[in-house]
K.L.:
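Here it is: the structure, laid out below.
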Amino acid sequence: MNNKLWIDYVSAAVQLYGIAPFGQVAEMISAQTDEEVSEYDIEQWIEDPFGGSMAKAALQKKFVYLYPGNFFVGEWIMIFDEFDSHWARQQGKPFYVPDQEELLLWSDPHYFHKPDQYYVLEEFIKTEFDGMSEEYAQGITEDIQMMAEDAFSPEKVLSEFERRELKLTAKQVQSLMQMVTDLHNNTRQQINRGHTPYELFQLEKKSLQPLPNQVRRNDPCVCGSGKKYKKCCGKSG
């Protein structure tokens, strides 16, 4: 067992999902390392009187905590008592599991993914306001992306400019809202178990089954009997 690596996996899973079941962490470690790890192994590791105490302390430095029922959770879930709500909203959504190199980037609690849409927005902000430094534009963009990680409102986005005394024209507002929408749709979200809204939409589209064509009375019966539908399964009475 690589204690540091396990801690990194737990931290990465929590940063991606908010709630990381022991079993999911075990699957990720088993799939991406030479170790075969089970949910029971994770439980034994974290409950060990000596090693477990050290692991818990290391995880808390990464804002990760234990939750009853074999879960690791983010600090915000503990503070705001959001486990039940967050868990309910995640149901039915698959876990996003990137390759090991990308996954372990998430073990840093200050890391966040910047999609192409992030840089489009940052460039827009930088070029629309004369004399704005790259660092200042980056700060605004980061604040907006934090909003994009969950449901956001135009008012909240615009407030980021108002509090900085940056005035936008109607045309700029229109462009800004489109960019923020694009950023939202391509931002990894804990509520989607690490998937972006766009990725989740594509996955849901693939799972939809096409509706069968309506069977007419004189068509061959769908059961394969060779009879007409009206004289077989579609026979009244």
K.L.:
Could you walk me through whether T187 and Q145 pass the side chain to side chain contact (heavy atoms under 4.5 Å, CB included) test, one step at a time?
P.N.:
CA-CA 8 Å; T187 292; Q145 187 176 28; 3.5 Å; yes
K.L.:
Can you tell me how far CD of E47 sits from CD1 of I42, rounded to the nearest 0.5 angstrom?
P.N.:
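Going from the CD1 atom of I42 to the CD atom of E47 covers 12.0 Å.
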K.L.:
I'd like to know if L104 and W6 are part of one continuous hydrophobic network [Ile/Leu/Val/Met/Phe/Trp/Tyr, side-chain heavy atoms within less than 4.5 Å].
P.N.:
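W6 clusters together with L104.
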K.L.:
Rounded to the nearest 0.5 Å, what separation is found between the CG atom of D116 and the NZ atom of K114?
P.N.:
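Reported value, rounded in 0.5 Å steps: 13.0 Å.
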K.L.:
Taking W76 as the starting point, is it possible to reach I19 by hopping between hydrophobic residues whose side chains are less than 4.5 Å apart?
P.N.:
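Same cluster: I19 reaches W76 through Ile, Leu, Val, Met, Phe, Trp or Tyr contacts under 4.5 Å.
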K.L.:
Whether the side chain of T127 engages the backbone of F124 through a donor-acceptor N/O pair (distance < 3.5 Å, no angle test) should be reported.
P.N.:
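Yes; at least one donor-acceptor contact below 3.5 Å.
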K.L.:
Looking at S30 and V37, would you say the former's side chain and the latter's main chain have a donor-acceptor pair under 3.5 Å?
P.N.:
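Answer holds: yes.
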K.L.:
Can you find a pair of side-chain heavy atoms, one from M132 and one from I140, that are under 4.5 Å apart?
P.N.:
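A side-chain contact under 4.5 Å exists here.
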K.L.:
Quick check against the 3.5 Å criterion: does R188 have a side-chain atom that pairs as donor or acceptor with the backbone of H195?
P.N.:
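Side chain of R188 to backbone of H195: no pair is present.
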K.L.:
Look only at the side chain of N192 and the backbone of G194, and say whether a donor-acceptor pair between them is shorter than 3.5 Å.
P.N.:
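A pair under 3.5 Å: no.
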K.L.:
Walk me through whether E43 and N70 qualify under side chain to side chain contact (heavy atoms under 4.5 Å, CB included).
P.N.:
CA-CA 7 Å; E43 186 177 359; N70 285 5; 3.5 Å; yes
K.L.:
Tell me whether F83 at atom CZ has more than 12 heavy atoms from other residues, nucleotides or ligands lying less than 6.0 Å away.
P.N.:
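Yes, because the 6.0 Å sphere around CZ of F83 holds more than 12 heavy atoms from other groups.
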K.L.:
Under 4.5 Å between any side-chain heavy atoms of P98 and L16, yes or no?
P.N.:
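Counting from C-beta outward, P98 and L16 do come under 4.5 Å.
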K.L.:
If the condition is side chain to side chain donor-acceptor pair (under 3.5 Å), which residues does D143 pass it with, not counting sequence neighbours?
P.N.:
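Counting only residues at least two positions away or on another chain, D143 forms a side chain to side chain donor-acceptor pair (under 3.5 Å) with R163, R164.
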K.L.:
Would you say the ring centers of Y40 and F22 fall short of 6.0 Å from each other?
P.N.:
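Between F22 and Y40, which both carry aromatic rings, the centre distance is not below 6.0 Å.
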K.L.:
L203 and P94: which non-hydrogen atoms are nearest, and at how many Å?
P.N.:
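It is CD1-CG, 3.9 Å.
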K.L.:
Could you walk me through whether I144 and K156 satisfy the side chain to side chain contact (heavy atoms under 4.5 Å, CB included) test, starting with their C-alpha distance in whole Å, then the side-chain angles of each, then the deciding distance to 0.1 Å, before giving a yes or no?
P.N.:
CA-CA 9 Å; I144 292 174; K156 285 184 179 179; over 6 Å; no
K.L.:
Would I191 end up clustered with F112 when hydrophobic side chains under 4.5 Å apart are linked, directly or stepwise?
P.N.:
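I191 does not cluster with F112.
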K.L.:
Taking the six-membered ring for Trp, are the ring centroids of F71 and W87 within less than 6.0 Å of each other?
P.N.:
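Yes, ring centres under 6.0 Å apart.
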K.L.:
Could you tell me which residues satisfy salt bridge (charged side-chain N to carboxylate O under 4.0 Å, His left out) with E35, sequence neighbours excluded, listed by chain and number?
P.N.:
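So E35 forms no salt bridge (charged side-chain N to carboxylate O under 4.0 Å, His left out) with any residue.
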K.L.:
Given 3.5 Å as the limit, does a donor-acceptor pair link the side chain of E199 with the main chain of T196, or not?
P.N.:
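It does hold such a pair.
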K.L.:
Can you establish whether the number of heavy atoms outside Y111 located under 6.0 Å from its atom OH is more than 12?
P.N.:
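Correct, the count exceeds 12.
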K.L.:
Check side chain to side chain donor-acceptor pair (under 3.5 Å) between E142 and all other residues, then give those that pass, not counting sequence neighbours.
P.N.:
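Expected list: Q138.
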K.L.:
So how far is it from D130 CG to E128 CD, rounded to the nearest 0.5 Å?
P.N.:
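That separation rounds to 9.0 Å.
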K.L.:
Is it true that, when you exclude E101 itself, more than 12 heavy atoms of the residues, nucleotides or ligands shown sit nearer than 6.0 Å to its CD?
P.N.:
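No.
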K.L.:
Would you kindly confirm whether L176 and Y118 end up in one hydrophobic cluster when ILVMFWY residues are joined by side chain heavy atoms under 4.5 Å apart?
P.N.:
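They do share one cluster, since a chain of ILVMFWY contacts under 4.5 Å joins L176 to Y118.
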K.L.:
Flag the pair M147 / E160 as yes when at least one side-chain heavy-atom distance between them is below 4.5 Å, and no otherwise.
P.N.:
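Yes, at least one pair of side-chain atoms sits under 4.5 Å.
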K.L.:
I need the L183 CG to Q117 CD distance, nearest 0.5 Å.
P.N.:
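One finds 7.0 Å between CG of L183 and CD of Q117.
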K.L.:
Without placing hydrogens or testing angles, list every side-chain donor-acceptor pair under 3.5 Å for residues 49-69, not counting sequence neighbours.
P.N.:
residue	atom	partner	partner atom	Å
S53	OG	P49	O	2.8
K62	NZ	S107	O	3.1
Y65	OH	E75	OE2	3.4

K.L.:
Without hydrogens or angle criteria, can the side chains of Q190 and E149 be said to hold a donor-acceptor pair below 3.5 Å?
P.N.:
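Q190 vs E149: no donor-acceptor pair found between side chains.
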K.L.:
For D182, enumerate each residue passing the salt bridge (charged side-chain N to carboxylate O under 4.0 Å, His left out) test, keeping only those at least two apart in sequence or located in another chain.
P.N.:
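Counting only residues at least two positions away or on another chain, D182 forms no salt bridge (charged side-chain N to carboxylate O under 4.0 Å, His left out).
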K.L.:
Ignoring hydrogens and geometry, is there a side-chain-to-backbone donor-acceptor pair from Q189 to A148 under 3.5 Å?
P.N.:
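Indeed, once roles are kept as given, a pair shorter than 3.5 Å links the two residues.
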K.L.:
Measure the CE-CD distance between M179 and E123 for me, rounded to the nearest 0.5 Å.
P.N.:
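The CE atom of M179 sits 10.0 Å away from the CD atom of E123.
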K.L.:
Which pair of heavy atoms, one from G18 and one from I77, lies closest together, and at what distance?
P.N.:
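Here G18 and I77 meet closest at O-CD1, 3.4 Å.
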K.L.:
Can you tell me how far the CD atom of Q91 sits from the CZ atom of R89, to the nearest 0.5 Å?
P.N.:
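Result: 12.5 Å between the selected atoms.
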K.L.:
Give a yes or no on this: more than 12 heavy atoms of other residues, nucleotides or ligands lie within 6.0 Å of atom CG of D34.
P.N.:
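No, CG of D34 has 12 or fewer neighbouring heavy atoms, counting only those of other groups under 6.0 Å.
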K.L.:
Hey, could you give me each pair passing side-chain hydrogen bond (donor to acceptor under 3.5 Å, both in side chains) that has a residue in residues 7-25? Not counting sequence neighbours.
P.N.:
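Output for this query lists K4-D8, Y9-Q32, Y9-Q100.
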K.L.:
Please answer: with hydrophobic residues joined when any side-chain heavy atoms are less than 4.5 Å apart, are L166 and V180 in the same cluster?
P.N.:
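Result: yes, single cluster for both.
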K.L.:
Output, in order, the C-alpha distance, side-chain angles, deciding distance and verdict of side chain to side chain contact (heavy atoms under 4.5 Å, CB included) for I7 and N3.
P.N.:
CA-CA 6 Å; I7 288 170; N3 190 63; 3.6 Å; yes
